[in-house]
Amino acid sequence: MEISSKYNPTEIENKWYQYWLTNKYFSSKPDHRIPYTVVIPPPNVTGVLHMGHMLNNTIQDVLVRRARMMGMNACWVPGTDHASIATEAKVVNLLASQGIKKSDLSREDFLKHAWEWKEKYGGIILEQLKKLGASCDWDRTRFTMEPKLSDAVIEVFVDLYQKGLVYRGTRMVNWDPQGKTTLSDEEVKFKEVKDSLYYIKYQGVDFDGHLEIATARPETIAGDVAVCVNPNDDRYKHLLGKKVRVPLINREVEIIADDYIDIEFGTGVLKVTPAHDIHDYEIGLKFNLPVIDTLNDDGTISEQGVLFVGQDRFVARKAWVSDLKEHDLLIKVEDYVHNVGFSERTDAVVEPKISTQWFLDMKKFMEKNPKVLSAVMDDEIKFYPEKLKNTYKHWIENIRDWNISRQLWWGHRIPAFYDESGDFVVAQTAEKAIVEFAKKGKSLNLTQIKQDDDVLDTWFSSWLWPISVFDGFESKEELNYYYPTNDLVTAPEIMFFWVARMIMAGYEYTGEKPFKNVYYTGIVRDKQRRKMSKSLGNSPDPLDLIAQYGADAVRLGMLLCAPAGNDILFDESQIEQGRNFCNKIWNAYRLYHQWEPLKDVEIRTYELEAIEWFENRLNRTLLENEEHFAQFRLSDALMNLYKLIWDDFCAVYLEAVKPHYGESITMEAKEATKLFFAQLMKAIHPYMPFISEEIYHSLFEGSIESPCVVSEYPIANKEKAFAMELPMQLVSEVRNIRAQKQISPKEKLYAWMENAESELVDFSSMISKLSNVEFQPNQRISNSNQTMFLINKSEIWLELNLEIDVEAEKNKIQEEITYLEGFWKATNSKLSNEKFVANAKPEIVEKERQKLNDAETKLQNLRVQLSNLS
RNA sequence: GGGAGCUUAGCUCAGUUGGUUCAGAGCAUCUGCCUUACAAGCAGAGGGUCACAGGUUCGAAUCCUGUAGCUCCCA
């Protein structure tokens, strides 16, 4: 049957993915084998597949598929997280488009809508991962808000509360006015913003004149309760204790002094607004100042803000400025660049706000679990790349309490129950809460208590993921087998949100690390180094790419250049390279397939040599790759296989065993080729699962014991892993001479080897086949149209059917002699240096001696040739 | 403002404890080829003062110090 000269991935991919699923090759159950476990970083249910997911999941799939082929019980657990704030925003928007306001709905009704939304859209991303070829055990798909996982979250909250690690407290927190919720410190992203710095007059009350104050946020003036200077600032010492009038508001406030104030900044005077700035808040606490909150939860000015009530904070800012100007209280405006916090989910400018929230006491937690830091520092949990250990250490050592409550409905509702007086207990259920109240001497019924309205931070459920996906809070059965997991693949930006916290939960709840290795991927960027994002519109749709080039091509394109921790600069040309590689493999198969082998004909010398040669190349690559894989150098391993297949297998081996025109390959050689091809497909399978499975099956025409996906990964035979570089060096040199002298590859040339090394002699038939050169067994008869070159120490004489330019030959040889003389001199001076011989390692000195000897041999030969030519 | 890291070919990157497998790979470029699997291909070639300046050493891309530029994290 005729096979197309172009590889068509679509049909093949669907066929094999279905085949793998049907035969349950991805499913895992505990058994006698060594487990190899990976938990997926749960994508957010609102997400659709983007390039970052592609990279991340391709890497995981490579690791998992290889482990499976290495005979381990590979278990890759998929799932999604509920993404409180993002999902709630989506649902609110969807309802708004239907004319429904969240505030008109009860909590229960809203959640009903949210679950509907989740059922409809929440699984999309997992379906997309299948297109990529992800070999997850889909029967194990989990969701952070499903009942069992929710129970675990509540359990943990109650437990940590009872241990005194979770507490309720009033603090300055990050407020997202768009999401209308607090955020943890990690959810605030600082960005440099060009703003204005306004210099404003605060009139003296009990002194003449005024103070000049610089602020970027005039809309908060209504919350001013003092002005503050540095106690060492001579400009203002005489004014301490006196009063100024807050502009437009006319509140009288005192001038106080504190070391915190930077004399250099602005005018050296700070307006103190405890409700809206963390530092001001601390000064407020110190001086016992009142707190005037001038903002509503949605970022508009509150009643206490007096002016522009109900206006958005940024509108109010402009209004304040123009009013100040009108009253001649604005002195000047300067350009001002500073860092402003934005909500990681909604991108709204975050407001510092005083609020009562639930916190996890991190200092106490770390004292209880010192392994969280030491395990990483001591490489018990290994980070790839290692340099990220520093970042981790820095964060842990400066850790602050974790704000775990969110003013949202979609999520795990905080299991705290309040009575009418505001007194509260923490318990798994309302019924248990009644019991808790009873212990406090309060006899209440269910209608007299009310559960906390807030939910928990999504990461407060994700941090349990490696334990909870195995139902580890319920039974140890699967946990004992699969945990700790092997490798975690994630982005460095998730290190604090998730990686660190999983390590915390791991030690607190299992006394064990959650994983052995953490592989940090980079960020996928475009050629201009911009992060690929939907808003920039610079990201191709991964599914379109798969449709156009095939999943294998996309996977290869992503991984060809993606060292751990490095950003990858994505370019469609890389995917093209992947597609071309698929096509190369495809055509290699076509060639193999069309060979009609000769039975009962003894294998030819050039075939035998080619087989011997490739066997060594194959084993050498496999050997090198074992090291690459051990170090998570997936790109290097891939490049090695790429070159092995393209250069060694296709360009050399197949050309070498390919029969001469009109002849046929021998049965034995075709059989050897089949086995090589199968080995190659197995070796590349983790990277390119589809095409490898297709060809693997075709090679054996359905008569195979197991499909590629669960076949044995090839192991290097160390005895047959020589570099074997000399034969091809010789071939290249001949081709080069042909190119230079414009001699057609079809013209047969005659050659002699003198002082030849065995690596050339042993492969002379193969060399002969590839270079169309016939080696003469007899002694060389010197004549004028011969040219000589060296391959390592061996002399190769090539007879050409054209007059040799003797002068040019002499020059060529002279050039080489000059180079070698320089080399000899350098090496010799090294060896005659007593300090070198004394200090360098013996094997290094020996190596140098060897080099010197080799150079001498070569020089001797060349000098003889030169004199022969003269 | 505090901390960490990076700088090697036109581009993206390797370069393990200092020592000719130390100056490499892929892509791109250039030259010649529609050679009976593949032009999504074949055969060749060119290209780097290893950011800069010092130092340590018999020997430095590799270790140390400083300078410049870039990146990330934290406040």
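Note that the structure is predicted; figures quoted are calculated from it, not measured. First the proteins, then the strands, lettered A, B, ... as listed; each starts at 1.
Rounded to whole Å, the P atom of G5(B) lies 31 Å from the corresponding atom of U21(B). Look at the P atom in both C63(B) and U7(B): the space between them is 11 Å, to the nearest Å. Separation of the P atoms belonging to A14(B) and U56(B) is 31 Å when rounded to the nearest angstrom.
Using a 30° and 60° split on the angle between ring planes, Tyr384(A) and Phe632(A) fall in the tilted class, from 30° to 60°. Using the six-membered ring where Trp is involved, His279(A) and Tyr260(A) have ring planes that are parallel, under 30° apart on the 30 and 60° scheme.
A close approach under 4.0 Å does not occur between any side-chain nitrogen or oxygen of Asn839(A) and OP1 or OP2 of U57(B).
The side chain of Phe836(A) approaches G19(B) more closely than any other nucleotide in the set A37(B), G19(B), U35(B). Closest approach to the Arg590(A) side chain among A37(B), G3(B), A45(B) is made by A37(B) (side chain taken as heavy atoms from C-beta onward). Picking from A37(B), A43(B), A40(B) the nucleotide with the shortest atom distance to the side chain of Arg579(A) gives A40(B). Set against A14(B), C58(B), A4(B), the side chain of Asn390(A) has A4(B) as its closest nucleotide. Of the candidates C58(B), U20(B), A37(B), the closest approach to any side-chain atom of Asn833(A) belongs to C58(B). If you check G3(B), A75(B), C58(B) against the side chain of Phe190(A), the one that comes closest is A75(B). Picking from G44(B), C38(B), A75(B) the nucleotide with the shortest atom distance to the side chain of Asp185(A) gives A75(B).
Under the 6.0 Å cut-off for aromatic ring centres, Phe649(A) and Phe677(A) qualify, their centroids lying closer than that.
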### Task
Evaluate the criterion ring-ring contact (aromatic ring centres under 6.0 Å, His included) for residue pair Tyr519(A) and Phe383(A); output intermediate values, then yes/no.
CA-CA 6 Å; Tyr519(A) 180 107; Phe383(A) 277 16; over 10 Å; no
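Atom NZ of Lys741(A) is separated from atom P of U31(B) by 22 Å (rounded to the nearest Å). Spacing between atom NZ of Lys841(A) and atom C1' of U17(B) amounts to 7 Å, rounded to whole angstrom units.
Closest-nucleotide positions on RNA chain B for Lys189(A) and Lys6(A) were compared, and the one nearer the 5' end corresponds to Lys6(A). Each of Gln577(A) and Trp646(A) was assigned the nucleotide of RNA chain B with the nearest heavy atom; the assignment lying further toward the 5' end belongs to Gln577(A).
Between the CG atom of Asp277(A) and the CD atom of Glu351(A) there is a distance of 10.5 Å, given to the nearest 0.5 Å.
In this model, no side-chain donor or acceptor of Gln740(A) finds a partner on the base of A45(B) within 3.5 Å. One cannot find a donor-acceptor pair under 3.5 Å joining the base of A43(B) and the side-chain atoms of Arg735(A).
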